[in-house]
Amino acid sequence: MKNNPLTKSSTYLPILVGLVFVGIWYGAIYLIGIPEYQLPAPHRILEAGFAERNALWSGLRQTTMACVTGFSVSVIGGLLMAVLLASSRWAYEGIYPFVLMLKMTPVIVLAPIIILWFGQGINSITVITFLICFFPIVANTVMGLRSVDRNLLELFSVYSATNRQEMLYLRLPAALPYFLTGLKIAAALTPIGALYGDTVAGMGSGAEAGLGFVVVIFSSQLKIPALFAAAFTACAIGFLFVGIVNWLSWAFLHKWHDSYLNGH
Amino acid sequence: MNSQPIHFPEQNTPDLTPDKHLPLVEMQSVCKSFGDGPVVLQDINLSINRGDFVALIGPSGCGKSTLLKLTANLLDASSGTIHVGGGDAVDAREKLGFVFQDANLMPWLNIRNNVAMPLKLMGLEAGKRHKKAMQMLEMVGLGQAAELYPRELSGGMRMRVSIARALATDPELLLLDEPFGALDEMTRDDLNEELLKLKEEQKWTGIFVTHSVVESVFLSSKVVVLSANPGRIHRIIPVDIPYPRTAEVRSSQIFQDKVLEVTRALHSVRKAV
């Protein structure tokens with residue numbers, strides 16, 4: 001029984017709470033009599049999800065694609081930008097204010113400009129996702145690259161390490177926990193960026209409609225159970241991203257970093 | 001690059017006995033102040049022979065760590081010169097090992113890779129540097145711990161790793177900045193004895209900063225007592241107890257006398273402040 005996952009509290013507690021939650025849900029519908037256009041029953045949502053599986057599936061594919069591309073570009077771009085900002089005082093003082101400016105301008109305001117430049121569709125959606133994910137990665141990584149232990153910097157200077165060696169063997173590994181924190185924040189923001197991008201820049205027809213656009217359609221058609229099904233599908237994307245980043249974080253840090261060694 | 005001896009104009013084969021008057025480190029009227037701040041070190045003249053093991057001791061704020069960092073060229077002197085191995089401190093970097101106050105290991109690297117890092121920075125290929133790192137770890141009795149991470153070791157073990165790392169490049173000059181200050185007394189005594197053993201085997205020259213009078217007498221061939229505000233050399237006390245010194249030395253009369261002499265010198269420095 002020792003290794004049975006069902007006996008672990010981290011497994012059975014969420015299942016238990018989930019069942020209680022579904023119970024209250026049914027109770028609310030059948031005892032209080034909440035109408036379906038306000039809160040559909042769980043089985044109705046499953047039915048609607050099955051009925052609309054084609055729209056949901058292609059929406060999921062489109063949105064996941066935008067998420068993966070936008071997230072990847074912001075990870076690579078964010079890392080490179082952070083290295084640039086941390087490599088000289090001059091770069092930091094000269095460029096960082098503009099990165100901040102980009103962050104301070106709400107994406108809602110930028111969206112029309114982005115659509116103007118990149119057109120309606122996946123390109124604009126990816127750019128919007130990128131803009132939302134980029135900053136947390138840059139800000140966290142720069143913080144990590146700049147807060148390296150002074151004594152370790154002195155150690156490297158005792159051995160006349162080059163700037164490149166210092167970046168590769170000291171600053172980047174030391175910044176890894178910060179970078180991964182940025183990644184976690186970005187991962188949680190990714191579906192928000194892609195879905196929002198979809199609602200403003202999405203293409204409305206068939207296979208090209210992302211999940212955000214599907215939501216807009218269901219909402220306008222008052223397909224309430226299907227709307228709930230779409231919400232759960234979007235939630236799955238978030239779980240996928242955060243799950244991947246949590247796994248990466250574990251893989252990189254569990255052997256040495258305090259966050260994994262202090263015992264949970 | 002590690003096996004080439006430093007070239008001496010006076011002599012081709014370096015002689016490692018301390019009494020030959022061929023200073024490895026030569027400090028001439030060294031002064032140091034940070035910016036417009038007070039003078040930290042004033043008029044330091046000190047020559048350290050090959051094979052010497054010199055202790056720097058003095059009240060806090062006397063600039064002993066600063067003097068060590070000047071020697072390692074981590075800081076620049078405001079005036080005066082420091083020559084290491086006949087050349088400038090810059091040239092001597094590759095011949096230098098530095099042991100920091102805390103073990104100063106990289107938490108993300110295992111012990112072996114921590115010890116190999118200086119060799120990596122010098123461009124030694126992976127196979128060679130790992131072999132050397134293992135050799136150093138075995139020398140400090142940590143061959144079994146090579147794959148562990150710094151977090152998994154005790155304070156004393158971490159310090160051993162730090163010493164193994166500093167010695168991995170076969171330095172001629174080992175600088176130690178209060179290396180055992182954070183350890184309990186028994187661990188400190190053990191490490192003191194081990195350090196002397198390593199010195200017997202490897203014949204390096206050492207300069208170390210300490211707060212402990214007993215440690216300074218046990219390890220060193222001369223104790224440099226510094227006064228504070230500004231830091232100056234108050235007295236240089238030779239410790240003529242022959243090496244190799246073992247744990248029993250600590251209970252000998254001559255050792256006790258030296259401890260007393262250094263303690264008195266320190267006391268007069270404190271009163272002067």
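All chains are named by letter (A, B, ...) in the order of the sequence lines, taking the proteins before the strands, and each is independently numbered beginning at 1. Atom set for the values below is all heavy atoms of this structure, side chains included, hydrogens, waters and symmetry mates excluded.
Counting only heavy atoms from C-beta outward, the side chains of B:F180 and B:N192 approach each other to under 4.5 Å. When side chains are defined from C-beta on, A:L145 does not count as touching A:Y92, because their heavy atoms never get closer than 4.5 Å.
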Determine, stepwise, if the pair B:D170 / B:K132 fulfils salt bridge (Lys or Arg N to Asp or Glu O under 4.0 Å). CA-CA 10 Å; B:D170 296 323; B:K132 180 72 179 175; 3.1 Å; yes

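Of the two parts of B:L175, neither the backbone nor the side chain holds a non-hydrogen atom closer than 4.5 Å to a non-hydrogen atom of chain A. Looking at A:L176, neither its backbone nor its side chain comes within 4.5 Å of chain B, counting heavy atoms on both sides. With a threshold of 4.5 angstrom between heavy atoms, B:D102 approaches chain A through side-chain atoms but not through N, CA, C or O. With a 4.5 Å cut-off on non-hydrogen atoms, B:K69 touches chain A through its side chain but not through its backbone.
Under the salt bridge (Lys or Arg N to Asp or Glu O under 4.0 Å) criterion, B:E201 pairs with no residue, sequence neighbours left out.
Comparing B:M117, B:Q101, B:E152 by how many heavy-atom pairs each has under 4.5 Å with chain A, the most go to B:M117. Ranked by heavy-atom pairs shorter than 4.5 Å toward chain B, the options A:T162, A:D149, A:L170 are led by A:L170.
For an aromatic pair to be called close, the ring centres must be under 6.0 Å apart, and B:F98 with A:Y159 fails this.
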